[in-house]
Amino acid sequence: MYQLSNLITNLNKELKKYNINESIDLKISTIQNYDFQINNLVKFQKNKDIKKIKSSFSEIIENEPFIKHYEITDKYFINLLINIELFLPGIENLKDSIKVKKPKKIILDYGGPNIGKPLHVGHLRSLNIGRSLYQINKFAGHNVLNDIHLGDWGMPIAQIICYTDENNIDLGKVKIDDLEKIYPKASKLYSEDPDFNLKAQNVNKQLNEKKEPLLEKWKNIKSISVQSIKEALSLLGHDFDLWMGESDVNNLIPTMIKQLYEKNKISMDGGAYISNFQSDPKILITKSDGSYLYLTTDLATVLDRQKKNKFDKTIYIVDKRQKLHFEQLFNSIKFFQFGNEEFLHVEFGTVNDSKGNPFKTRDGDTKKLSELYNETILKIKEINEDLDEDSYKLLANTVLTYSDLITNRKTDYKFDLDKFTNISGKTGIYVQYAFVRANKLIENSNIDVENINLVFSDIRDLDNNLIKCFLKFEYYYFQALVNNEPHHLADYLYELSNLFNSMYQDENILENTNEIVKLNKLKIAYYFLFYSKMVMELLGIQPAQKM
RNA sequence: GCUCUCGUAGCUCAAAUGGAUAGAGCAACAGACUUCUAAUCUGUAGGUUAUAGGUUCGAGUCCUAUCGAGAGCGCCA
């Protein structure tokens with residue numbers, strides 16, 4: 001809590017006096033009647049100075065106006081109760097106070113979709129997690145750029161070109177639907193037909209050498225595909241600062257390889273370059289025919305970004321099966337002495353169907369994202385058939401986002417549309433409903449709610465529960481920020497919404513005969529809207545105005 | 001074969017660096033609506049955190065073994 005930062009600083013200083021290198025952690029209280037707890041002292045129960053520390057801690061906490069009440073137990077657990085009357089007015093300054101002092105420049109790399117293939121369910125998580133991390137880091141004041149980083153180079157493209165050559169298909173006239181049908185066929189041939197395999201390898205090599213007319217064909221595929229990807233993303237509410245791809249760094253690779261070889265960082269091995277970094281398996285830098293790999297372009301991309309967008313940190317939001325690739329990438333960056341920036345693989349689990357099997361269509365293909373989107377719209381229409389198209393769109397995107405972010409990103413999860421569109425439970429529908437309800441309440445009151453002053457002596461229990469929940473925002477926000485885990489905020493949003501609904505349902509607010517209680521509740525509903533909207537935005541969800 | 005990840009309530013999932021009595025949702029059961037949007041709320045029940053050891057003031061979390069599940073493992077991305 002930003003209001004407690006002085007307290008934490010003072011407690012930390014105190015620990016230093018006793019040569020204890022420990023930074024105070026404020027946790028949400030697990031016991032009743034308190035808001036936060038500090039568990040750091042427990043570890044030092046046997047420290048000879050513990051009694052002195054305890055008494056100086058008491059003195060410091062005693063003098064903190066934001067703490068209404070506290071205790072330090074026999075085992076040295078510290079329990080704190082917050083002074084709500086001082087806390088609530090501070091909400092206005094929350095967004096400014098939470099900003100970091102030294103903003104970083106962060107690049108989010110989505111390890112984007114491949115061109116020639118439609119967006120499918122496998123892309124859902126990097127899009128959702130990425131968008132949320134973008135918002136979360138911006139909220140902290142960081143300078144963030146997101147790069148879709150298209151897979152627009154390499155074997156998949158070569159396979160498509162090879163297939164169209166073999167079958168006399170004019171790429172100038174091909175539509176996206178045709179392209180999406182071509183790739184699976186080409187891919188199948190590539191793995192089953194040695195002759196086709198050889199030809200495609202050759203196409204890939206020539207493409208690497210930027211030979212015409214292959215380059216022209218590649219441009220065709222890319223432009224058709226990018227247009228389709230942009231349309232799909234716009235429907236799902238995603239956009240990108242950078243539309244870079246693997247192809248953009250091709251011209252940097254020959255020099256990169258040459259220099260690495262001269263510095264004795266890589267060696268020839270049967271025509272291929274491998275890294276001299278000691279590892280098992282060895283790290284392959286190029287193929288034996290000289291053409292490039294995923295790792296080659298990712299390395300060159302680092303150099304490219306250093307030139308174009310000086311950055312402090314790159315976060316790769318890519319599924320966890322690619323863990324080894326990123327280990328190799330990060331080890332190589334260090335070993336090749338490319339730079340001292342921070343590199344991080346934010347990994348996530350796979351999305352399966354409700355039975356736990358890979359998400360497929362009836363024909364056995366990976367399910368398209370647009371198909372999932374349409375099914376979600378239909379489900380929502382079952383709940384309410386009288387809404388406008390924009391509202392359906394907004395709610396469908398809420399469902400696709402919220403149900404994805406509610407689970408810890410590291411675990412594989414089951415996408416169960418029936419469950420995720422449920423009107424009760426931890427769903428996007430539920431949190432939007434609470435928001436719409438609160439908005440309507442304030443609208444119906446015809447009162448200038450913003451300027452109501454709370455009367456603290458008349459705060460009811462259920463009102464207080466909601467206020468106490470506001471206290472927790474920064475804790476969950478911090479969890480989400482430092483661990484790159486949006487699910488803390490998604491879960492928090494449910495908790496907020498649930499407590500609001502409890503307050504709302506308990507007694508009729510607008511017809512309350514006690515005017516003070518009524519105004520209190522309206523003001524708290526107003527605060528609820530503030531928090532709910534803020535958290536939704538951090539998750540990449542647009543608040544609904546009606547539903 | 002090697003490497004890594006995981007195992008928490010009937011189901012789906014939480015529990016930051018080890019902290020006090022392991023929490024939610026769904027489903028089940030019992031209640032509350034001529035509504036400020038019941039698309040809601042209230043309550044009950046549900047656990048030897050896979051198993052067996054160990055480390056320590058304290059273990060779902062760390063270590064070891066076993067059982068079970070999944071993923072990855074130079075010329076795909």
Side-chain angles (χ1 to χ4, degrees), chain A residues 23 25 27-32 37 39-40 42-43 45-46 73 75-77 79 111 114 151 153-156 159 187 190-191 201 204 246 269-275 279-289 291-295 297-298 318-325 327-328 347 349-350 354 356 383-384 406-408 410-414 416 418-419 422-427 429-430 432-434 436-445 462 475 478-479 482-483 485 487-488 490-491 494-495 498 501-512 518 521-522 525 546-547:
Chain A
S23 54
D25 273 330
K27 293 190 171 195
I28 289 170
S29 184
T30 53
I31 56 170
Q32 286 224 311
Q37 58 186 3
N39 299 338
N40 298 70
V42 185
K43 297 176 205 171
Q45 282 178 52
K46 288 178 178 169
T73 68
K75 287 183 172 173
Y76 301 97
F77 287 101
N79 294 313
N114 286 352
W153 203 249
M155 281 316 301
Q159 289 167 20
S187 173
Y190 180 75
S191 54
Q201 294 280 0
N204 184 50
E246 296 173 356
D269 184 74
Y273 281 110
I274 54 163
S275 173
S279 66
D280 181 28
K282 284 294 226 177
I283 301 174
L284 188 69
I285 305 293
T286 65
K287 302 211 284 192
S288 48
D289 68 357
S291 57
Y292 312 141
L293 292 156
Y294 188 22
L295 187 64
T297 47
D298 264 1
V318 179
D319 96 75
K320 67 182 179 187
R321 288 174 300 189
Q322 295 186 31
K323 195 178 169 143
L324 181 61
H325 167 74
E327 265 173 37
Q328 295 187 329
E347 60 193 58
T350 50
S354 56
I383 304 168
N384 184 347
I406 189 72
T407 308
N408 184 322
K410 286 173 191 155
T411 49
D412 299 340
Y413 80 101
K414 296 172 184 167
D416 186 338
D418 287 332
K419 179 181 158 188
N422 204 332
I423 46 187
S424 54
K426 286 188 186 180
T427 67
I429 303 287
Y430 179 92
Q432 290 284 23
Y433 179 69
V436 169
R437 230 179 176 189
N439 237 340
K440 202 66 183 279
L441 172 73
I442 287 175
E443 210 178 290
N444 290 343
S445 73
L462 292 175
Y475 178 84
F478 187 69
Q479 292 299 334
V482 299
N483 300 315
E485 289 175 346
H487 78 273
H488 299 283
D491 205 57
Y494 175 80
E495 193 181 338
N498 183 231
N501 273 332
S502 296
M503 179 183 88
Y504 182 93
Q505 199 73 33
D506 179 53
E507 53 181 328
N508 192 307
I509 295 172
L510 294 183
E511 288 171 18
N512 201 308
K518 171 181 161 181
K521 284 177 184 288
L522 281 169
K546 58 183 167 184
M547 63 190 288

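Because only heavy atoms are used, hydrogens play no part in the values below, and waters and symmetry mates are left out as well, while side chains stay in. Here is the naming used below: chain letters follow the sequence lines, and residue numbers restart at 1 for every chain. Everything quoted here is computed from the prediction, not taken from an experiment.
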Checklist outcome for this item: Readout for nucleotides 71-77 of chain B: B = base within 4.0 Å of protein heavy atom, S = sugar-phosphate only, - = neither; 5' to 3' it is SSSBBSB
Checklist entry - Do any N or O atoms from the side chain of Ser279(A) and from the backbone of Pro281(A) form a donor-acceptor pair under 3.5 angstrom? => result yes
Checklist entry - What pairs with His325(A) under ring-ring contact (aromatic ring centres under 6.0 Å, His included), at least two apart in sequence or on another chain? => result Tyr294(A)
Item to check | Tyr504(A)-rC36(B) aromatic stacking (under 5.5 Å, under 30°) | outcome: yes
Item to check | Check: Tyr475(A) side chain, rA16(B) base, donor-acceptor under 3.5 Å | outcome: yes
Item to check | Closest non-hydrogen atom pair, Asn114(A) against Pro156(A) | outcome: ND2-CG, 4.2 Å
Item to check | Lys320(A): partners by side-chain contact (heavy atoms from CB on, under 4.5 Å), with sequence neighbours left out | outcome: Glu347(A), Asp412(A)
Item to check | Phe77(A) aromatic ring stacked with six-membered ring of rG19(B), 5.5 Å and 30° | outcome: no
Checklist entry - So, Arg437(A) and Gln432(A): side-chain donor and acceptor under 3.5 Å apart, yes or no? => result no
Item to check | Under 3.5 Å donor-acceptor pair, Asn79(A) side-chain atoms to rA20(B) base atoms | outcome: yes
Next on the checklist: Suppose we call a contact any N or O donor and acceptor under 3.5 Å apart; does that hold for the side chain of Glu495(A) and the base of rA24(B)?
Outcome noted: no
Item to check | Phosphate contact (rU17(B) OP1 or OP2) by Asn40(A) side-chain N/O below 4.0 Å | outcome: no
Quick one: which protein N/O atoms are closer than 3.5 Å to N/O atoms of nucleotides 10-13 of chain B? Pair and distance per line, please.
residue : atom : partner   : partner atom : Å
rU12(B) : OP1  : Lys414(A) : NZ           : 2.5
rU12(B) : O2'  : Lys419(A) : NZ           : 2.5
rC13(B) : OP1  : Asp412(A) : O            : 3.4

Checklist entry - Is the phosphate of rC36(B), meaning OP1 or OP2, less than 4.0 Å from a side-chain N or O of Asn508(A)? => result yes
Item to check | Pair pattern of RNA chain B in dot-bracket, where unpaired bases get dots and | marks partners in another strand, Watson-Crick or G-U under 3.5 angstrom | outcome: (((((((..((((.....[...)))).(((((.......))))).....(((((..]....))))))))))))....
Checklist entry - Considering only the C1' atoms, how many Å lie between rG19(B) and rA59(B), rounded to the nearest integer? => result 10 Å
Checklist entry - Can you tell me if Thr427(A) uses its side chain to pair, donor with acceptor, with the backbone of Asn422(A) under 3.5 Å? => result yes
Checklist entry - When you check the phosphate oxygens OP1 and OP2 of rU42(B), does a side-chain N or O of Ser502(A) lie under 4.0 Å from one of them? => result yes
Short N/O separations, protein against nucleotides 55-57 of chain B, under 3.5 angstrom:
residue : atom : partner  : partner atom : Å
rC57(B) : OP1  : Lys46(A) : NZ           : 2.9

Checklist entry - Is any N or O donor-acceptor pair between the side chain of Asp25(A) and the base of rU17(B) shorter than 3.5 Å? => result yes
Item to check | Greater than 12 external heavy atoms within 6.0 Å of Tyr475(A)'s OH | outcome: yes
Item to check | Steps toward salt bridge (Lys or Arg N to Asp or Glu O under 4.0 Å) verdict (Arg321(A), Asp319(A)) | outcome: CA-CA 6 Å; Arg321(A) 288 174 300 189; Asp319(A) 96 75; 3.1 Å; yes
